[in-house]
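Order of the sequence lines sets the chain letters (A, B, ...), proteins ahead of strands, with each chain counted from 1.
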2 protein chains.
Amino acid sequence: MSVLLVGTLDTKGAEFAYVRDRLRAAGVPVIVADAGVIAPPAFTADVSREDVFRAAGASYESVKAAADRGKAIELAAAGAAKLAAQLHKQGRLSGVFGMGGSAGTTIGTAAMRALPVGVPKLMVSTLASGQVKHYVGTRDVMMMHSVVDIAGLNRISRAVLDNAANAMIGMAKRPTPPAPLPEGKGESGKEDGGANSSADRPVIAATMFGVTTPCVEAARTVLEAAGYEVIVFHATGTGGRTMEGLIRDGLVAGVLDITTTELADELAGGVLSAGPERLTAAAIAGVPQVVSLGALDMVNFGPYDTVPERYQQRRLHRHNPTITLMRTTPEEMDQLGKVVAERTSASNSPTCVMVPLRGVSAIDAEGMPFWWPEADEALFQSLRNWIAPYVELTELDLHINDPAFAEACAQKLLDMLKGRKVPD
Amino acid sequence: MSVLLVGTLDTKGAEFAYVRDRLRAAGVPVIVADAGVIAPPAFTADVSREDVFRAAGASYESVKAAADRGKAIELAAAGAAKLAAQLHKQGRLSGVFGMGGSAGTTIGTAAMRALPVGVPKLMVSTLASGQVKHYVGTRDVMMMHSVVDIAGLNRISRAVLDNAANAMIGMAKRPTPPAPLPEGKGESGKEDGGANSSADRPVIAATMFGVTTPCVEAARTVLEAAGYEVIVFHATGTGGRTMEGLIRDGLVAGVLDITTTELADELAGGVLSAGPERLTAAAIAGVPQVVSLGALDMVNFGPYDTVPERYQQRRLHRHNPTITLMRTTPEEMDQLGKVVAERTSASNSPTCVMVPLRGVSAIDAEGMPFWWPEADEALFQSLRNWIAPYVELTELDLHINDPAFAEACAQKLLDMLKGRKVPD
């Protein structure tokens, strides 16, 4: 098992040699892959740039001749991803380590995103103190901010790279088995059943937000006591997308979708949208689902001054210095009811929408900043109008975080799952 | 030396206990600090929540009574930062480990940002696949995406936390000395002069971008040969801000500000603005500087579809799938010339602006996508109009990446530095 070091050995050769030497000195085997295009590599790689571009179905010579930097990076990223997936399949990979600026980060994280959760992934990047969504995606990538440019070894870059190398050494020397992944059963590693009895228990996927935590935690307790393993996804956009992938791939026995708030961000342009495929996978995979309306009272933005101008007259709430919430209006709630109704009505597996009539989040309760019964009622009425007759709509005169509501949701899902064949 | 584990032991108690046990099993001492507010902690912390809020000048009881979640998080973050800084000052810290959602990430990274570069910092976060600028800031934080919510131990969360714990074990067991930091000389650790001869060499700070790499690399070679340590900052907004902080704190002997592109992002609303303090620190600190106009031909945006609507008719270039560049116009270049002139003219230390008349970036050259001589000329003319008579303006009939231009910039800075007292 080796750590794959992948990057451009022309511009970052000295830095890659430095990290490689530290890993080797600690007894960690290394495979270095070169994805550089411009100048010759600073040292001979184990996987040459010719091989990297060949893996992407291109030739190094033609890429170099084309002199299109964007295209070269795209192909290098595709080649690195192919290479990493192949090494992993052969059981040869104990981790992937990348280092670079925009090109190096695009290439390194492409290799990382090709691997299941559980394979160590560390990217030292000049861009790690900004928007990293496109680099990290739905994987367990560690993005480390390089502070200074990766251009020469100096007192700062050495301190950063020493820590990065040590972190990778720690992960590579004590490998943990890869966990099941949204990529399908074929690629997912199996845990040792003896060491982790959870491996045999069927999985329930649940969605949570800070403001729906009491509900999800209480429901989780009930479901775990009934013999299920509950995997909770934070409704951050990425969280919802990851869950939908897991469901589509047939890895989930049941869905407890308490927190559908990402639909509000999708509708109003918030920062935590999970895209139009949210709340669609259970129908596609034929998985029973209990759906609720958690945090549909809010759309998420970053710090207060990043809220779009068109929303500055709206009801806003500073959740903390980095997160600002916007209350959804009756008009938006009306539309959201239709979205929930349409997407759940697409399922012909057991589906139930649970309605908490006294409020959909911790701050949508009497005396709290997002309490707005007319808006909530618009959501509820829209659901009643649009939902298909074969989808169960259960209205409870409870707040979403009332223990009785959580209990009812969990029990409903257990009833649906009773007697169903558990997926492998 | 211990690793500080900081987070909310009410909602994430089981997960913190899991990581703590893994660190201890590997022989790494741990200090656990509780920043929870709502329910009692799952286990007794080494630093209680009472102590954390006291460090922020507040009392736990009053915070709990106020029931203002945003305010509680703000105070917990301030307390955690105080605590971490104090432990570090006492030489007791081998790293900081955080874990959480939006609250936990705000609190954990506040503690991390209070520490110099070189102290291991690992934040496992549900928000690590998004905009992390406000969490990472100018520090060497590792942000690890938790993939699933940190709510229970299951096959996915265990795989993620195992790697996180192993990474922290690797970093804590092989500590590297902290590097000098933007926080001022008082807090910066000193390297072992015997092990790293670079510790004695005066520092030159330089700014680079992919499209100015040949210039900066060539200049670096000249300066290093002359006995300086060159620290290169990637012009990502954070990079420029970090450099300005380092200069202000008196840690830099000279500045080679080849790549002032962040000013274009500041002007036009690009994603890599370094804010209005860019290009001001050398004047404040009285440090000699050579300034050039690198990459002022471009404003940075994310993926193509994120370019603001008002700019969609502009000359755009897909640098790669995640970065789109916009060409600055003659009007913008005229304004940028004034900005560079004003900020450099504020200095009464030796200052020289070097003008590459044949193009300011790799793609601002004949036959390349951002070649627009009229726009560049607007920049140059504006500089001539506005610059103070005591600032040297040197025009060279060269492209910025011509080796002769790099040589001239480096030589100019060496001339300025000759005979000056080197800062301690």
Checking [X] against chain A: side chain, backbone, both or neither under 4.5 Å from a heavy atom?
{"X": "B/Pro303", "answer": "side chain"}
{"X": "B/Ser102", "answer": "both"}
{"X": "B/Ile323", "answer": "side chain"}
{"X": "B/Thr126", "answer": "both"}
{"X": "B/Val148", "answer": "both"}
{"X": "B/Leu272", "answer": "neither"}
{"X": "B/Phe209", "answer": "neither"}
{"X": "B/Glu224", "answer": "neither"}

With a 4.5 Å cut-off on side-chain heavy atoms, are [Y] and [X] touching?
{"X": "B/Arg139", "Y": "A/His145", "answer": "no"}
{"X": "A/Met143", "Y": "B/Val132", "answer": "no"}
{"X": "B/Asn154", "Y": "A/Val230", "answer": "no"}
{"X": "A/Thr306", "Y": "B/Gln131", "answer": "no"}
{"X": "B/Met142", "Y": "A/Leu122", "answer": "yes"}

Nearest heavy-atom neighbours spanning B/Ala151 and A/Glu217: CB-OE2, 3.4 Å
So CZ of A/Arg220 and CG of B/Asp149: to nearest 0.5 Å the spacing works out to 9.5 Å
The reported gap from CG in B/Asn163 to CE in A/Met168 (rounded to nearest 0.5 angstrom) is 8.5 Å
Using a 3.5 Å distance criterion without hydrogens, assess whether the side chain of B/Asp140 forms a donor-acceptor pair with backbone atoms of A/Met144. no
